[in-house]
There are 2 protein chains.
Amino acid sequence: MTSPAPPGPPRPTSRDVARAAGVSQATVSLVLGDKWRGRVSESTAGRVRDAARDLGYRPNLAARNLRLGHTRTALLVVPALTNEFFARVYTGAAAVAAEHGFGVVLYPSPDGTGPARDPFASARAALDGVIASSMAADALGALRGAGLPLVMLDSDPAAPGPAAMVNLDIADGMRQVAAHLLALGHRRFLHLASAVDSWTFAVRARALHDALRGVPGAHIRTVPAALDVRAGREAAEHALALPGPRPTAIVCDDDILAAGACKAARRLGLRVPDDLSVTGFDDLALATAVEPELTTVRLPAEQVGERGMSALLAVLEGRQAEPGSLPVHLVVRGSSAPPPAGPTA
Amino acid sequence: MTSPAPPGPPRPTSRDVARAAGVSQATVSLVLGDKWRGRVSESTAGRVRDAARDLGYRPNLAARNLRLGHTRTALLVVPALTNEFFARVYTGAAAVAAEHGFGVVLYPSPDGTGPARDPFASARAALDGVIASSMAADALGALRGAGLPLVMLDSDPAAPGPAAMVNLDIADGMRQVAAHLLALGHRRFLHLASAVDSWTFAVRARALHDALRGVPGAHIRTVPAALDVRAGREAAEHALALPGPRPTAIVCDDDILAAGACKAARRLGLRVPDDLSVTGFDDLALATAVEPELTTVRLPAEQVGERGMSALLAVLEGRQAEPGSLPVHLVVRGSSAPPPAGPTA
DNA sequence: CACCCGAGGTTTTACGTATAACTTCCAGGT
DNA sequence: ACCTGGAAGTTATACGTAAAACCTCGGGTG
């Protein structure tokens with residue numbers, strides 16, 4: 001345990017500025033807080049500002065937060081830092097936050113194993129509210145106990161707790177994928193599913209099965225995999241090597257898994273999309289980095305962040321957050337094509 | 001501008017807990033702060049803890065921070081959220097921080113264009129210190145003005161300001177790449193360089209040129225590109241189509257650019273690595289997601305974070321941070337091979 | 001018996017800020 | 001001559017916590 005004793009001289013306070021400018025501390029607060037119109041003369045205000053600049057004064061945020069009773073800071077809990085989707089969510093949230101004088105702090109939920117830490121041990125900033133992804137389920141218990149306003153992203157509408165939600169029409173995205181592949185003539189599917197137990201993935205599976213139900217000759221097998229390229233490749237490779245008729249299309253829960261599926265295909269001597277179609281989800285940068293580029297579903301991530309932050313602000317003001325789910329859309333690229341036997345074999 | 005008035009009942013304070021337990025506020029502070037051995041009886045301590053639990057008491061961090069004069073929170077400034085390298089840096093920094101009761105908050109420097117915001121407007125937590133990547137140069141001015149202890153990562157050793165630095169032996173990494181390709185027989189190189197003006201990229205260029213200087217017949221052309229796959233592809237495609245003898249190897253500043261270079265090669269009908277070798281840098285997940293997998297340089301990112309945080313802790317305690325730079329190493333994969341004309345043409 | 005001492009607390013203070021409430025001064029109206 | 005009222009400040013207070021300094025009481029000691 002360390003004992004952080006600031007090395008240099010103590011930072012100047014508003015009282016130091018007041019002394020330097022020959023006014024009271026209250027006047028400094030008024031001037032620097034931009035609340036002095038009609039209360040302080042122009043010349044005095046100038047003296048205060050000059051003194052503050054000369055001393056290099058920075059208000060003590062801890063004191064300000066204590067006084068005001070809030071911090072104008074929100075915590076965004078994400079499952080993993082590298083996930084591009086959440087980087088875009090952050091961008092949207094931070095933009096809306098900035099418009100309202102708020103800041104956004106990130107808490108990457110420790111991925112998978114490891115001691116599930118307290119989010120507030122890491123982001124020990126004083127917070128006004130929390131926006132959390134449903135994928136960061138492990139951190140959720142601690143979040144609930146904190147008694148802070150909570151906005152959930154893309155989570156089970158039936159779950160209790162959150163003050164508001166922002167949902168994506170994930171089910172419709174999966175329906176679009178299924179419709180696209182069915183129209184191309186595919187009937188035998190492999191669903192490369194994320195092994196993560198989260199609402200957003202459960203919806204994908206349900207929607208895919210629903211879309212195929214009732215289609216004559218349609219068949220689907222589901223294989224779970226961890227969310228990385230190698231796990232995706234191994235799962236796909238194993239599933240493709242099974243006896244019986246081979247699937248002609250692999251529907252993946254995520255672009256990362258789709259990249260793995262493409263590698264599996266190549267290893268088995270199958271060409272994508274000629275011998276095998278592969279679809280992803282999320283439209284990450286990875287989707288256009290691999291060859292062929294992935295047919296996938298683009299999600300309005302920035303909008304998710306914007307709506308999430310707006311909802312949190314609404315809750316903080318005691319207003320009702322407007323509900324509604326955001327549309328997603330299929331992006332057709334080079335990884336999907338008619339099955340080898342020709343349409344409607 | 002919103003007026004965040006907490007909707008529910010006010011959160012209980014330590015005074016409320018004291019009242020409920022029938023003791024003074026000071027006793028609550030002692031018990032909950034685990035400083036009560038020999039000062040408070042076992043039974044009283046139990047009553048206090050029970051009362052705190054029953055009321056759902058959470059200490060007000062703003063008040064605690066004000067009282068203690070520090071927050072045990074560090075800010076990590078990264079150039080972009082999606083950059084895997086910095087996700088790993090964060091992991092390392094957060095681990096060391098946790099051992100010392102510190103937290104780490106992320107500030108993603110707004111990438112490229114856009115109004116250069118104040119890092120403290122976004123991460124308005126009260127902070128004890130800052131760890132910043134040299135790639136987040138635009139945010140640096142504001143950081144300096146804050147008068148906080150600053151640790152720079154992978155930055156120009158000659159630059160003034162930072163209280164400590166953590167450096168990677170990037171130059172040696174590039175030397176290893178050059179030695180590898182020279183040994184394979186390559187002589188005509190294309191350097192696909194990051195257009196970002198940052199120390200870490202300047203070092204790559206210098207080391208590469210130094211390594212080639214004096215090698216008979218060696219020639220290199222440098223082409224800059226923004227740090228994304230499309231920009232890399234376009235730059236490489238254009239450079240490969242120029243008249244004159246074509247380079248047999250493309251050395252990239254980053255795996256992302258290398259992925260772009262591979263796509264360019266494919267478009268031009270060149271096979272990697274048979275007709276053209278491509279090397280990356282950083283060893284991101286992308287390096288093994290593309291086909292062929294990239295020969296690249298692996299950086300000890302977690303260690304960078306660990307050393308960075310350790311250095312910051314040292315500075316906060318008034319100690320001297322130990323200097324020294326971290327080694328990197330080449331990882332040879334499928335994207336590099338002898339040039340088409342055979343070794344040592 | 002007077003004294004000290006330690007256990008088990010309590011009272012008080014300070015951290016730096018924002019702001020409500022108060023003061024002072026002076027010009028203008030009646 | 002007296003009151004009104006605004007301009008230009010100042011004084012005082014509260015936010016919730018941590019911890020230094022102080023109190024009180026019963027038992028052991030010289």
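- Under the salt bridge (charged side-chain N to carboxylate O under 4.0 Å, His left out) criterion, A:R15 pairs with no residue, sequence neighbours left out.
- A donor-acceptor distance shorter than 3.5 angstrom exists from the side chain of B:T91 to the backbone of B:A87, with no hydrogens or angles considered.
- Annotation: salt bridge (charged side-chain N to carboxylate O under 4.0 Å, His left out) contacts of A:R39 (sequence neighbours excluded): none.
- One atom, CZ of A:R72, and another, P of C:dT17, lie 18 Å apart when rounded to the nearest Å.
- The backbone N or O of B:V40 lies less than 3.5 Å from no partner atom in the side chain of B:T44, so there is not a single donor-acceptor pair.
- Under the salt bridge (charged side-chain N to carboxylate O under 4.0 Å, His left out) criterion, A:D50 pairs with A:R53, not counting sequence neighbours.
- One atom, CZ of B:R11, and another, C1' of D:dT17, lie 14 Å apart when rounded to the nearest Å.
- Here B:Y107 contributes atom OH and B:L76 contributes atom CG; the two are 12.5 Å apart, rounded to the nearest 0.5 Å.
- Nearest-nucleotide assignment on DNA chain C puts the 5′-proximal partner with B:L30, out of B:L30 and B:L66.
- Between the CG atom of A:L32 and the C1' atom of C:dG16 there is a distance of 13 Å, given to the nearest Å.
- The salt bridge (charged side-chain N to carboxylate O under 4.0 Å, His left out) test applied to A:R88 returns A:E302, not counting sequence neighbours.
- Taking every heavy atom of residues 33-57 of chain A and every atom of DNA chain C, pairs under 4.0 Å involve A:K35, A:R39, A:Y57, by number.
- Here B:S14 reaches the OP1 or OP2 of D:dT17: one of its side-chain N or O atoms lies under 4.0 Å away.
- In this structure, CG of A:N60 is placed 17 Å from P of C:dA14, rounded to the nearest angstrom.
- No donor-acceptor pair closer than 3.5 Å links the side chain of A:D154 to the backbone N or O of A:S134.
- Within residues 15-28 of chain B, the residues approaching DNA chain D are B:R15, B:Q25, B:A26, by heavy-atom distance under 4.0 Å.
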